[in-house]
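Down below is the structure, laid out as structure tokens.
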Amino acid sequence: MRQHETRGKIQRTPNRTTWSGGVGSSWLVASAIALGGVLPGVAADPGVEDRLRAIEAQLDSLKKENADLKAQLKDSSKAVAKPAEPGSTVKLPATVMAKGKESKITIGGLIQTQLEVGDVPDSRFSENDRFLVRRARLGVAGSFLENFSWKLEGDFGNANLRNNSSYRALATDIYIQWNRYDFANVRVGQFKTLFGHEQLESASARLFAERAMATDQFTISRQVGASVTGDFYEDRLAYGVAAFNGPAQNNGFNDNEKFTYTGRLSGTPWKGKIGELESRWSLGINAYASKDSNVSVSGLGFDSVPGGSVDNIFQGDRRVWAADTQFELGRFEFRGEYFRAHYKALNQLPSAKLDADGFHLTLAAYVLPRKVQALVRYESLDLDLDSSGNSSDAWVFGVNYYIKGNDLKLQLNYHLGSADGAEDHQGRLIARAQLMF
């Protein structure tokens with residue numbers, strides 16, 4: 001005796017049970033086997049009719065559920081494609097789609113808010129107590145399978161320590177990079193100028209809330225240009241050479257027909273263990289050279305118009321070099337960096353030539369491994385080596401609390417400085433909260 005059900009039902013013969021198709025698919029058959037435990041020869045088991053009826057009920061339920069899911073997906077697609085009416089509530093999650101053909105796109109940002117109270121340890125700081133949104137960055141980056149990558153980032157924070165009447169959006173990194181070979185990555189756009197270890201370090205990863213005086217004085221931030229960088233021996237040796245317009249960040253012009261040239265060479269001579277402690281020693285040397293017609297260089301007394309107020313506009317030759325080293329031993333870390341600059345002004349104001357230098361030394365140690373870190377920095381800046389009374393010195397004491405690494409951390413710094421022309425030993429407290437996403 002053979003029984004036949006309608007299309008989409010189970011067909012039964014004395015020795016086998018099969019599914020004849022309909023809107024179901026192979027996964028429904030697998031579900032039926034799992035649910036009913038159907039095996040060859042099951043028809044011979046007692047109660048087989050009851051078990052087959054139970055399987056049919058389960059399959060009907062799965063078919064209905066499958067149909068409902070398809071309907072929901074269809075409705076969702078229509079809802080995403082159709083613009084929302086003004087004032088209506090969008091219940092579906094937003095969908096972000098790449099316009100181009102990138103293989104990967106990432107979106108991230110950084111927020112740094114801080115409180116400043118106290119006096120003026122050096123000329124960079126405001127004299128008033130204040131709350132400050134130091135940085136508020138939002139960026140998007142992507143990569144292509146053809147070994148190209150890109151980044152677009154803007155900053156909506158204060159962007160510097162000076163008093164600004166309003167917050168303005170500024171471009172930080174905007175570049176395209178070809179990274180086919182580790183030993184020769186080519187980058188064009190606006191980015192950091194490959195000069196100064198502390199300046200090249202990400203603002204989110206710095207040990208102190210603010211950079212050292214010498215770093216701010218002698219480095220040239222981000223500029224528009226092109227570079228070639230690379231590394232060898234599993235990142236044990238790295239180099240970078242670049243050419244930039246020269247004037248400053250977010251400028252679409254060059255002050256003359258000359259470029260500012262920078263170069264950096266860095267390496268890690270030692271990486272291993274000393275006793276039972278992990279250790280690492282790194283060092284670097286870098287320099288830049290520029291022939292300038294109209295570049296702002298503050299703090300050194302340059303003046304493009306004799307007899308007028310000092311406008312800090314430099315015209316002439318700049319030559320600046322720096323060396324840095326970092327040493328880690330277990331929970332301890334030491335850092336040092338030295339800068340030396342030579343300026344030759346065309347109008348010989350304030351003098352025919354001017355030499356300046358500066359350095360900073362840092363010692364840091366984890367009180368609680370990877371959680372609480374204590375640190376101290378000594379820094380010095382001399383804006384004219386040929387005359388006295390032009391130097392500034394400062395101590396910076398700090399504590400970092402890493403709630404979730406650099407993604408979520410709190411920083412407390414106390415600056416104690418003796419700025420040129422100001423009362424000695426002025427202190428300022430900085431408390432910062434940082435969040436990365």
Side-chain angles (χ1 to χ4, degrees), residues 108-138 155-168 170 172 198-199 201-217 219 221 331-335 337 360-381 392-419 422-437:
L110 168 69
I111 299 175
Q112 292 177 341
T113 61
Q114 65 192 47
L115 167 67
E116 298 179 13
V117 294
D119 299 319
V120 185
D122 65 69
S123 59
R124 299 173 299 167
F125 291 96
S126 167
E127 62 183 359
N128 299 323
D129 299 346
R130 63 176 177 174
F131 289 100
L132 183 67
V133 178
R134 185 66 173 87
R135 292 178 179 89
R137 293 180 178 174
L138 181 63
D155 195 336
F156 305 89
N158 200 60
N160 58 61
L161 285 171
R162 293 186 295 272
N163 283 324
N164 288 343
S165 58
S166 62
Y167 289 97
R168 295 178 294 274
L170 298 172
T172 52
E198 188 184 28
Q199 194 267 149
E201 190 175 34
S202 171
S204 63
R206 293 192 186 109
L207 296 179
F208 293 91
E210 299 299 339
R211 292 182 290 256
M213 291 184 291
T215 299
D216 278 346
Q217 179 66 47
T219 58
S221 188
R331 64 176 62 188
F332 295 93
E333 183 175 358
F334 170 79
R335 297 184 180 187
E337 189 167 17
H360 58 91
L361 303 171
T362 295
L363 179 62
Y366 279 100
V367 180
L368 296 176
R370 304 302 172 186
K371 275 297 181 182
V372 179
Q373 185 182 41
L375 48 155
V376 59
R377 180 174 73 197
Y378 176 72
E379 53 185 292
S380 180
L381 178 64
S392 300
D393 304 283
W395 288 90
V396 187
F397 305 92
V399 176
N400 295 330
Y401 176 36
Y402 298 94
I403 301 173
K404 190 177 181 181
N406 287 315
D407 290 347
L408 187 60
K409 72 177 179 181
L410 304 177
Q411 294 179 287
L412 186 66
N413 291 175
Y414 182 71
H415 291 250
L416 183 62
S418 300
E423 183 180 348
D424 288 348
H425 306 300
Q426 296 195 58
R428 190 168 187 82
L429 183 70
I430 298 177
R432 172 179 290 179
Q434 172 177 299
L435 184 147
M436 284 178 37
F437 59 92

- Note on the structure: Note: Q373 and A364 closest approach over all heavy atoms is NE2-CB, 3.8 Å
- Message: If the condition is salt bridge (charged side-chain N to carboxylate O under 4.0 Å, His left out), which residues does R331 pass it with, not counting sequence neighbours?
- Response: none
- Task: Could you tell me whether E210 and R428 have a side-chain N and a carboxylate O separated by less than 4.0 Å?
- Result: no
- Message: How long is the straight-line distance from CE of M436 back to CG of D407, given to the nearest 0.5 Å?
- Response: 5.0 Å
- Item | Q114 CD to L429 CG distance, which is reported to the nearest 0.5 Å | 10.5 Å
- Can you tell me how far the CZ atom of R432 sits from the OG1 atom of T113, to the nearest 0.5 Å? 9.0 Å
- Closest approach of V120 and S126, non-hydrogen atoms and distance? CG2-O, 3.9 Å
- Any side-chain heavy-atom pair from Q434 and N406 closer than 4.5 angstrom? yes
- Please say whether more than 12 non-hydrogen atoms of neighbouring residues, nucleotides or ligands are located less than 6.0 Å from CZ in F131. no
- Item | Steps toward side chain to side chain contact (heavy atoms under 4.5 Å, CB included) verdict (F437, L138) | CA-CA 9 Å; F437 59 92; L138 181 63; 4.1 Å; yes
- Between D393 and M213, is any pair of side-chain heavy atoms under 4.5 Å apart? no
- Message: Between E333 and R335, does any NZ, NE, NH1 or NH2 come within less than 4.0 Å of an OD or OE carboxylate oxygen?
- Response: yes
- Message: D155 and side-chain hydrogen bond (donor to acceptor under 3.5 Å, both in side chains): which single residue from R168, R135, R137 fits?
- Response: R137
- Partners of V399 by side-chain contact (heavy atoms from CB on, under 4.5 Å), sequence neighbours excluded? V372
- I430 side, atom CD1; L161 side, atom CG - distance, nearest 0.5 Å: 6.5 Å
- Item | Rounded distance (nearest 0.5 Å) linking atom OH of Y366 with atom CG of N400 | 8.0 Å
- Which pair of heavy atoms, one from A214 and one from L381, lies closest together, and at what distance? CA-CD1, 4.2 Å
- Is it true that a side-chain atom of E379 and a backbone atom of T362 form a donor plus acceptor pair closer than 3.5 Å? no
- Message: Counting C-beta onward and ignoring hydrogens, is there a side-chain heavy-atom pair between H360 and V396 closer than 4.5 Å?
- Response: no
- F334 vs L361 side-chain heavy atoms within contact, under 4.5 Å: yes
- Item | Shortest non-hydrogen separation from D129 to G118 and the atoms involved | OD1-N, 2.9 Å
- Note on the structure: Taking every heavy atom of K371 against every heavy atom of I403, the minimum-distance pair comes out as NZ-O, 2.8 Å
- Tell me, do R377 and H415 make a side-chain contact under 4.5 Å, heavy atoms counted? yes
- Message: If you define the side chain from C-beta out and look only at heavy atoms, does anything of L132 sit under 4.5 Å from E116?
- Response: yes
- Has the side chain of K409 got a donor or acceptor atom that lies under 3.5 Å from a matching backbone atom of Y401? no
- Item | Interatomic distance, R130 atom CZ to F125 atom CZ [nearest 0.5 angstrom] | 9.0 Å
- Item | Polar side-chain atom of K404 near backbone of L435 as donor-acceptor pair, under 3.5 Å | no
- Message: Less than 4.5 Å apart, side chain to side chain, heavy atoms only: is that true for E201 and R211?
- Response: no
- Message: To check you understand the geometry: which heavy-atom pair defines the closest contact between P121 and L416, and what is its length?
- Response: CB-C, 4.4 Å
